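The block underneath contains the structure these notes are about, expressed in structure tokens.
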Amino acid sequence: MSTVRRAAVVLAAVSALALTACGPTDDDAGGGAGGPSASPTTSATPTAPSAPSAPSASSKPSTTPEPTKPTKPTTPKPPKSSTDPDFDVFPCSTFDVKFTAALAEPTTSSYLLKITNKGAKACRVLGHPVVTFGSLDGQATERGTAPGIEDAIRLDPGESAYAGLMGGANDGKGKTVDSIEMTMNTESDLAQTPLKASTPGLYVSPDKNSVTAWMDNAEDALSL
């Protein structure tokens, strides 16, 4: 067995020496003493081409704007006129009228109230007069209904309107006053100066006093 192994080793050594003798020299492998020692290497993985970028807004081709269509000139409309001849007539206030009170019926302490337009322009008489009794608290109770503003009395300069004031029969519950004060209904927050009228011995019942709406004649004012 040892003899066979020795022969194999010798044979391997001889073969190795033979291969060494037949191999290329350093000069042949390098292409000479002055040649490069290694060949250049190249990348095995190719570079992917980059995607093209989208064009910016400034690079878009400009479009020619469409010509503006001429507009038709606007014809001004005339102001609307009201069919109501009194549309510009304002409510009467205490600044527009003078005020008086005359005894009409002593038994019921009834007085005829009268206002007269003292101004230079017409005004509208609205609703009921607002009447207070001397130093007593509260005001006269409204009696009956008043026409709407569309049907309110037009009071031209020098013309008058009337209302009936009743203090009520003496029932032992009321008090007597010697004057009353009146302001007009203007359906606004206009501050007015009350107009005062003398009413000597006017008895005022807390439950039965009342005043009518303004009328265009004295007879109607006292009959309600």
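As the structure is a prediction and not an experimental result, all values here were calculated from the model.
Cluster membership check: Y111 does not share its hydrophobic cluster with L222, using side-chain heavy-atom separations under 4.5 Å among Ile, Leu, Val, Met, Phe, Trp and Tyr. Placement of F99 and V211 within a single hydrophobic cluster is found when ILVMFWY residues are connected by side-chain heavy-atom separations under 4.5 Å, directly or transitively. I149 and V125 are members of different hydrophobic clusters when ILVMFWY side chains are connected at heavy-atom separations under 4.5 Å. M166 and M215 fall into different hydrophobic clusters, where Ile, Leu, Val, Met, Phe, Trp and Tyr are joined by side-chain heavy atoms under 4.5 Å apart, directly or via other members. Taken together through direct or relayed side-chain contacts under 4.5 Å among Ile, Leu, Val, Met, Phe, Trp and Tyr, V130 and F133 form parts of separate hydrophobic clusters.
Taking all atoms of both residues into account, the shortest heavy-atom contact from P194 to T183 is CA-CG2, 3.7 Å. Taking both residues in full, the closest heavy atoms of P157 and A122 are given as CD-N, 4.0 Å, listed atom of the first, atom of the second, then distance. Minimum interatomic distance between C123 and V89 (heavy atoms only, all atoms of both residues): CA-CG1, 3.4 Å. Summarising the geometry of M182 relative to W214, their closest heavy-atom pair is SD-CZ2, 4.2 Å, with the distance given to 0.1 Å. In terms of heavy-atom proximity, A213 sits nearest to H128 at N-CD2, 3.2 Å. Closest heavy-atom contact between S110 and T108: OG-OG1, 2.6 Å.
Within the model, atoms OG of S188 and CG of L126 stand 9.0 Å from one another, a figure rounded to the nearest 0.5 Å. With values rounded to the nearest 0.5 angstrom, Q192 atom CD is found 10.0 Å from C92 atom SG. To the nearest 0.5 angstrom, L113 atom CG is 7.5 Å from T212 atom OG1. One distance of note links CG of N185 with CZ of R124; it measures 13.0 Å at 0.5 Å rounding. Once rounded to the nearest 0.5 Å, the distance linking CG of L195 with OG1 of T100 reads 10.5 Å. We find the CD-CZ distance between E187 and F90 to be 14.0 Å, quoted to the nearest 0.5 Å.
No side-chain heavy atom of N209 sits less than 4.5 Å from a side-chain heavy atom of V131. For the pair L165/T199, no side-chain contact is recorded, criterion being any heavy-atom separation below 4.5 Å from C-beta on. Inter-residue side-chain proximity for M184 and I115 is flagged as met; some heavy-atom pair is nearer than 4.5 Å. Side-chain contact between I153 and Y162 is absent, with no heavy-atom pair separated by less than 4.5 Å.
For the salt bridge (charged side-chain N to carboxylate O under 4.0 Å, His left out) condition, the pairs that include at least one residue of residues 188-208, sequence neighbours left out, are K173-D207. For the side-chain hydrogen bond (donor to acceptor under 3.5 Å, both in side chains) condition, the pairs that include at least one residue of residues 129-144, sequence neighbours left out, are R143-S210.
The closest donor-acceptor contact from the side chain of T94 to the backbone of T193 lies under 3.5 Å. Without hydrogens or angle criteria, D156 side chain to K121 main chain gives no donor-acceptor distance under 3.5 Å. Remark: side-chain polar atoms of D96 are paired, donor with acceptor, to backbone N or O of S93 under 3.5 angstrom. Judged by distance alone, with hydrogens and angles left aside, the side-chain atoms of Y203 form a donor-acceptor pair with the main-chain N or O of G172 at under 3.5 Å.
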Which is it for E159 and N117 under the side-chain contact (heavy atoms from CB on, under 4.5 Å) test, yes or no, and what are the steps along the way?
CA-CA 6 Å; E159 292 184 341; N117 186 348; 5.6 Å; no
